[in-house]
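For reference, the structure is listed below as structure tokens.
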Amino acid sequence: MKIAVIGGGISGLATAAKLQSSGCDVRLFEKNERFGGLCKTDTIGSYVFDRHGGHVFNSKHPEVKKWVFDLLPEENWQFSSRVGRIEFDGNFISYPFELSLSELPHKDATQCILDFLACSRKPESKPQDFRNWLYWMFGKGIADRYLVPYNEKIWNRDLSEISICWVDGKMPLPSDEDLVMSILDPQFKEKNMPHSTFYYPKCGGIQVLIDAIESQVSNKVASYTIEKVEIRGDSYLVDGESFDHVISTIPLPELAKIVVDLPIQVRTAIERLQFNSITTALFKYEKSKVSWVYYPSKDKGAHRMVCQGNLSDELPGCVALEKTGTWEVSDLTKGFDEISPSDFIAKSWTHYGYPVYDLSFEANMAIITDYFREMDIGLVGRFAEWKYYNMDTCIKAGFDYCDALLSKVATP
Ligand SMILES: Cc1cc2nc3c(=O)[nH]c(=O)nc-3n(C[C@H](O)[C@H](O)[C@H](O)COP(=O)(O)OP(=O)(O)OC[C@H]3O[C@@H](n4cnc5c(N)ncnc54)[C@H](O)[C@@H]3O)c2cc1C
């Protein structure tokens with residue numbers, strides 16, 4: 001079977017590598033001169049800069065972890081415990097806010113605890129928009145002090161326009177008992193939170209994982225933008241070349257530009273999908289044990305600082321500031337008095353950064369997925385599926401897609 005994989009980010013690379021190892025004739029197309037998509041790293045002198053946000057790896061899927069460590073053995077990675085911090089009223093407390101209430105001033109902590117325990121969380125009164133859901137789930141104390149202001153910064157829009165379809169598995173959702181335990185036992189949250197540990201390449205940034213995966217894919221083309229996908233009965237013409245199957249890992253709005261005769265309702269549904277762009281800038285900074293810091297206050301330009309230099313002992317001290325939208329460096333550093341213009345190293349911009357789940361997202365996505373399923377074009381990856389995927393879930397999605405495709409071919 002001859003398969004075209006469009007897009008050479010981690011989803012396209014992992015999918016192509018898996019198909020190739022299963023004996024398929026695969027060709028991977030990437031428009032950029034470098035593979036990696038959102039996982040690209042620039043090396044600037046002795047500094048490494050993950051251009052689209054610091055990328056740490058971990059996975060709850062054993063087969064993904066094994067595959068990654070077979071390609072890039074564990075001794076190439078630094079294994080760390082996450083040290084997340086949140087700035088609150090000029091001080092720093094641990095992440096996540098709702099399980100770190102014992103670190104707040106007593107008056108704030110008491111209000112947060114009482115409001116949390118007073119939440120009924122009755123399913124019949126569960127709000128479907130993110131703003132009201134935050135109050136329903138966490139109570140006014142926690143919502144007002146952290147979750148609402150931080151999320152308003154990162155989503156860059158009114159939270160009542162956002163659906164809650166994405167929160168399960170992405171946000172810590174503590175029970176009353178978890179909250180009480182976190183106050184009694186400071187180690188509780190680290191033992192019970194997902195993603196409390198992670199791996200990061202000792203040298204070279206996340207790019208070294210991409211390079212390792214890329215080396216497995218033999219038939220690949222970089223600096224090549226696919227411009228036309230034509231559906232011809234049981235086969236496909238991709239820029240005029242015939243394939244038996246097509247898998248797209250590119251963002252849906254980019255796919256809409258190249259699929260010939262895309263029905264108007266599918267095009268409209270894709271146009272209605274929302275996303276956020278991100279500006280990221282790297283600065284010299286003192287090394288410490290901190291992994292990243294969240295800034296809910298409007299007084300600070302950036303919403304997050306990723307301590308890129310702390311992710312590996314072998315890297316020099318530096319941090320990346322991130323801010324949703326398109327910004328100048330000075331917009332990011334607003335309120336960060338410890339960072340001076342001479343600390344600036346590099347800046348980057350990410351067009352497709354975060355999928356945004358507006359209230360019509362699920363209806364739009366149903367139209368889109370129904371159409372591509374009917375046309376038998378595979379959609380795999382963060383903006384191909386419009387899902388809040390991490391690298392490991394991209395790999396897993398690619399593997400699952402390959403397994404389903406191969407078993408379909410084996411049992412006609
Ligand atoms: C700020 C930020 C921080 C993150 N942090 C982490 C983290 O710490 N850990 C983690 O696991 N994940 C993290 N992620 C998520 C991770 O980056 C993504 O899940 C993953 O990289 C998505 O890969 P992808 O291949 O699906 O998409 P992409 O990386 O977007 O790849 C799509 C590719 O398609 C190419 N393309 C587009 N159009 C065409 C065309 N017409 N022809 C050919 N090629 C085309 C693009 O150039 C691109 O290379 C983060 C993401 C962001 C934005």
Side-chain angles (χ1 to χ4, degrees), residues 4-17 27-41 50-61 64-65 68 80 82 84 154 170 194-195 198-201 205-207 209-210 213-214 220-229 238-239 246-259 275-280 291-292 302-308 311 320-324 348-356 378-398 401:
V5 176
I6 308 176
I10 197 161
S11 301
L13 287 166
T15 307
R27 189 121 185 256
L28 174 70
F29 299 93
E30 167 54 46
K31 79 169 177 187
N32 203 277
E33 61 184 19
R34 276 159 65 191
F35 292 92
L38 293 174
C39 303
K40 287 197 283 290
T41 305
D50 290 345
R51 294 180 58 84
H52 306 290
H55 273 65
V56 302
F57 172 75
N58 210 341
S59 185
K60 63 176 187 201
H61 306 293
V64 170
K65 257 174 124 164
V68 163
S80 303
R82 178 196 55 217
I154 192 162
K170 271 291 169 190
H195 314 302
F198 61 83
Y199 299 85
Y200 190 74
I206 203 62
Q207 183 76 48
L209 172 60
I210 293 300
I213 305 175
E214 188 197 323
K220 55 186 185 278
V221 193
S223 303
Y224 187 92
T225 305
I226 296 289
E227 287 176 353
K228 209 173 185 187
V229 175
V238 176
D239 281 358
V246 173
I247 300 172
S248 168
T249 71
I250 68 179
L252 285 165
E254 303 303 314
L255 184 61
K257 289 180 194 162
I258 61 176
V259 173
F275 61 95
N276 275 328
S277 302
I278 311 158
T279 307
T280 310
S291 317
W292 43 82
H303 61 256
R304 185 166 82 142
M305 172 191 277
V306 176
C307 305
Q308 173 104 54
L311 302 179
L321 293 181
E322 297 171 359
K323 183 171 168 67
T324 303
S348 169
W349 182 71
T350 308
H351 183 56
Y352 296 104
Y354 290 103
V356 171
L379 301 178
V380 175
R382 183 168 168 110
F383 281 101
E385 298 179 71
W386 225 260
K387 285 190 180 158
Y388 211 150
Y389 278 165
N390 275 336
M391 295 183 289
D392 70 306
T393 28
C394 288
I395 296 171
K396 174 84 171 109
Y401 188 84

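Just follow the structure's listing: the first ligand is 1, and inside any ligand the first atom is 1. This is a predicted model, so every value here is computed, not measured.
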Any donor-acceptor N/O pair, R34 side chain to T41 backbone, under 3.5 Å: yes
K220 side chain vs E214 backbone, donor-acceptor pair below 3.5 Å: yes
Closest protein heavy atom to atom 44 (N) of ligand 1, given as residue, atom name and distance to 0.1 Å: K31 N, 3.1 Å
Interatomic distance, E227 atom CD to K257 atom NZ [nearest 0.5 angstrom]: 11.0 Å
Protein contact to atom 22 (C) of ligand 1 [nearest heavy atom, distance to 0.1 Å]: C394 SG, 3.6 Å
Nitrogen or oxygen of G381 less than 3.5 angstrom from that of ligand 1: no
Sub-4.0 Å heavy-atom approach of F29 to ligand 1: yes
Close N or O approach (F57, ligand 1; < 3.5 Å): no
T350-ligand 1 polar pair, N/O distance under 3.5 Å: no
Whether T249 side chain and I6 backbone form a donor-acceptor pair below 3.5 Å: yes
Test item: T324 side-chain N/O and I154 main-chain N/O as donor-acceptor pair under 3.5 Å: yes
Top protein contact for atom 53 (C) of ligand 1, by heavy-atom distance: G353 O, 3.4 Å
I10 heavy atom under 4.0 Å from ligand 1: yes
Min heavy-atom dist A384 to ligand 1 below 4.0 Å: no
From CD1 (I250) to CD (E30), nearest 0.5 Å: 9.5 Å
Residue and atom name of the nearest protein heavy atom (relative to atom 5 (N) of ligand 1), distance in Å to one decimal: G54 O, 3.6 Å
Ligand 1 versus I278: contacting region, heavy-atom distance under 4.0 Å: side chain
Proximal atoms of ligand 1 relative to T249 (non-hydrogen, under 4.0 Å): 32 (C)
Interatomic distance, L38 atom CG to D50 atom CG [nearest 0.5 angstrom]: 11.0 Å
Short N or O distance, L38 and ligand 1, threshold 3.5 Å exclusive: yes
Min N/O separation T225 to ligand 1 under 3.5 Å: no
Nearest protein heavy atom with distance in Å, relative to atom 6 (C) of ligand 1: H55 CD2, 3.6 Å
Close approach of Y224 to ligand 1, heavy atoms, under 4.0 angstrom: yes
Side chain N276, main chain G353, donor-acceptor under 3.5 Å: no
Test of proximity, N390 against ligand 1: N or O pairs below 3.5 Å: yes
Polar proximity ligand 1 side, Y389 side, N/O cut 3.5 Å exclusive: yes
Nearest non-hydrogen protein atom, atom 21 (O) of ligand 1: C39 SG, 3.2 Å
contact_flag F198 ligand 1 heavy-atom lt 4.0 Å: no
Atoms of ligand 1, numbered as shown, that sit under 4.0 Å from any heavy atom of H52: 1 (C), 2 (C), 3 (C), 52 (C), 53 (C)
Test item: H55 side-chain N/O and G53 main-chain N/O as donor-acceptor pair under 3.5 Å: yes
Protein contact of atom 9 (N) of ligand 1 - nearest heavy atom, named by residue and atom, plus distance: V56 O, 2.7 Å
Options K387, R382, H351, ranked by nearest heavy atom to atom 18 (C) of ligand 1, top entry: R382
Protein residue, atom and distance nearest to atom 45 (C) of ligand 1, heavy-atom basis: I250 CG2, 3.4 Å
Close-contact set for ligand 1 against M391 heavy atoms, below 4.0 Å: 9 (N), 10 (C), 11 (O), 12 (N), 19 (O)
Separation between CD1 of I10 and SG of C39, rounded to the nearest 0.5 Å: 4.5 Å
Sub-6.0 Å ring centroid separation between W292 and Y200: no
Under 3.5 Å: donor-acceptor pair, side chain of E322, backbone of V306: no
